Amino acid sequence: GDSVTQTEGQVALSEEDFLTIHCNYSASGYPTLFWYVQYPGEGPQLLFRASRDKEKGSSRGFEATYDKGTTSFHLRKASVQESDSAVYYCALSVNNNNAPRFGAGTKLSVKP
Amino acid sequence: EAAVTQSPRSKVAVTGGKVTLSCHQTNNHDYMYWYRQDTGHGLRLIHYSYVADSTEKGDIPDGYKASRPSQENFSLILELASLSQTAVYFCASRDRGLNERLFFGHGTKLSVL
């Protein structure tokens with residue numbers, strides 16, 4: 001079935017560090033890819049999405065580029081802040097009636 | 001802003017008891033979902049629904065039932081709660097369309113003792 005793999009379970013950084021969270025997917029069709037962010041005590045919320053090869057999604061300084069060749073959608077940010085501490089989920093949807101699937105999530109902790 | 005409300009926010013249940021988690025959305029969305037969140041597993045799909053009076057099994061449906069009596073309401077039912085069902089449960093809704101985002105509730109923390 002369709003699936004998403006996030007290799008980092010936890011990432012610990014200091015403010016102004018560069019962030020990369022890896023996301024690879026396996027899908028039967030041409031998926032739309034998403035990054036969601038979850039703050040403590042809340043449900044996940046959309047960070048951004050991309051639906052075509054080479055499309056870049058971005059929001060709040062975070063970005064990711066849809067790469068069909070490597071089946072990847074890695075999340076990056078040039079300079080993290082303490083307020084970015086949260087859990088980040090990569091997700092995919094393959095077709096309209098196919099329920100979105102999520103990766104295992106990456107907990108980001110940023111020290112001031 | 002689209003709204004998804006889950007109740008209760010937290011619940012303690014006894015092993016073997018029946019638990020019902022409720023979800024109400026005011027988004028006028030056709031699609032609704034139940035996910036379970038566990039550390040190390042992320043969000044896993046339990047059941048979902050495209051339309052009222054119809055539900056579909058997700059990836060981990062065993063031990064769970066779902067009910068969609070109306071477009072706005074979607075319930076998750078644990079007929080015989082077990083220790084392994086201790087988790088945080090999230091309900092979500094979305095509009096039609098492949099690119100549409102999910103709108104999540106705040107979650108229900110369930111502890112089965």
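Just so it is clear: chains get the letters A, B, ... in the order the sequence lines come, proteins before strands, and each one is counted from 1. Note that this is a predicted model, so its numbers are computed, not measured.
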Please determine whether residues [X] and [Y] belong to a single hydrophobic cluster, defined as Ile, Leu, Val, Met, Phe, Trp and Tyr linked transitively by side-chain heavy-atom distances below 4.5 Å.
X       : Y       : answer
B:Ile60 : B:Met32 : yes
B:Tyr89 : B:Tyr31 : no
A:Val4  : A:Ile21 : yes
A:Tyr88 : A:Leu92 : yes
A:Tyr89 : B:Tyr35 : yes

By residue number, those in residues 36-56 of chain B with heavy atoms under 4.5 Å from heavy atoms of chain A are B:Gln37, B:Gly40, B:His41, B:Gly42, B:Leu43, B:Leu45, B:Tyr48, B:Tyr50
Among residues 105-113 of chain B, residues within the sub-4.5 Å heavy-atom range of chain A, in order of number, are B:Gly105, B:His106
For A:Phe34 and B:Arg101 the tightest heavy-atom approach is CE2-CA, 4.4 Å
For residues 99-112 of chain A, tabulate all N or O donor-acceptor pairs below 3.5 Å that involve a side-chain atom, not counting sequence neighbours.
{"from": "A:Arg101", "atom 1": "NE", "to": "B:Asp59", "atom 2": "OD2", "distance (Å)": "3.0"}
{"from": "A:Arg101", "atom 1": "NH1", "to": "A:Ala99", "atom 2": "O", "distance (Å)": "2.9"}
{"from": "A:Arg101", "atom 1": "NH2", "to": "B:Asp59", "atom 2": "OD1", "distance (Å)": "2.7"}
{"from": "A:Thr106", "atom 1": "OG1", "to": "A:Gln6", "atom 2": "NE2", "distance (Å)": "3.0"}
{"from": "A:Thr106", "atom 1": "OG1", "to": "A:Glu8", "atom 2": "O", "distance (Å)": "2.6"}

Expected contact set for residues 43-80 of chain A against chain B at heavy-atom separation under 4.5 Å reads A:Gly43, A:Pro44, A:Leu46, A:Arg49, A:Ser51
Between the CZ atom in B:Arg94 and the OG atom in A:Ser93, the distance rounded to the nearest 0.5 Å is 5.0 Å
